[in-house]
Amino acid sequence: MANLLVVAAGDQVHVDTWWTRLPDDAHGVSVQVFDAAGLKVAGGDLVIHHESLARHRLDLSALKPGDYVLRLILYDAETGKSVSGLIVESGSRFQRELEIGAIAIE
């Protein structure tokens, strides 16, 4: 992943990821929202083929007030198996998921 942008706007979260060096196979990118107890409360998946830009838009209007954590998971779209990734800017690797932000809903 070359870059990541997470923007909370009202009851929406926008997550844009820019990918480089994607494998030939289609991959899925899942953005998941977890509550303070660690339970998944929202999420969305997007299959990417050779597109370098993947855009997620999540509607969080149904969530109760509280603090939430956003995680990104990269996986093989055909098998569903998690795939490791590399964040180019920092050189950091992630094995299954990557925490990409926290939001508070009032």
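Predicted model, so just to flag it, every value in this text is computed and none were measured. The figures here come from the full heavy-atom set of this structure, side chains too, leaving out hydrogens, waters and symmetry mates. Residue numbers run from 1 in the order of the sequence given.
Atoms CD1 and CZ, from Ile48 and Arg55 in turn, are 13.5 Å apart once rounded to the nearest 0.5 Å. A distance of 9.5 Å separates CG of Asp35 from NZ of Lys64, quoted to the nearest 0.5 Å. Interatomic distance, CE of Met1 versus OG of Ser52, reported as 13.5 Å (0.5 Å rounding). Atom CZ of residue Arg93 and atom CD1 of residue Ile87 lie 10.5 Å apart, to the nearest 0.5 angstrom.
Screening Val29, Val6, Asp45 against His56 for a side chain to side chain contact (heavy atoms under 4.5 Å, CB included) leaves a single residue, Val29.
With contacts defined as side-chain heavy-atom distances shorter than 4.5 Å, the pair Phe34/Leu39 does not qualify. Side-chain contact between Leu5 and Val7 is present, with at least one heavy-atom pair separated by less than 4.5 Å. The shortest distance between side-chain heavy atoms of Ile73 and Gln32 falls below 4.5 Å. Taking 4.5 Å as the limit, some side-chain heavy atom of Thr17 sits within range of a side-chain heavy atom of Leu72.
Residues Trp19 and Ala54 come closest through the heavy atom pair NE1-CB, 4.1 Å.
With sequence neighbours excluded, the residues forming a side chain to side chain contact (heavy atoms under 4.5 Å, CB included) with Leu60 are Val13, Val33, Ala42, Leu58, Leu63, Ile103, Ile105, listed by chain and number. Ala2 meets the side chain to side chain contact (heavy atoms under 4.5 Å, CB included) test with Trp18, Thr20; sequence neighbours excluded. The side chain to side chain donor-acceptor pair (under 3.5 Å) test applied to Arg57 returns His14, Asp16, not counting sequence neighbours. Residues satisfying the side chain to side chain donor-acceptor pair (under 3.5 Å) test with Ser84, not counting sequence neighbours, are none. In terms of the side chain to side chain contact (heavy atoms under 4.5 Å, CB included) criterion, residue partners of Asp76 (sequence neighbours excluded) are, by chain and number, Asp25, Glu78, Thr79, Val83. Partners of Asp59 under the side chain to side chain donor-acceptor pair (under 3.5 Å) rule, at least two apart in sequence or in another chain, are Ser61.
For the pair Arg71 (side chain) and Leu98 (backbone), a donor-acceptor distance under 3.5 Å is absent.
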Where do Leu70 and Glu99 land on the side-chain contact (heavy atoms from CB on, under 4.5 Å) test, with the steps shown first? CA-CA 6 Å; Leu70 303 170; Glu99 188 171 311; over 6 Å; no

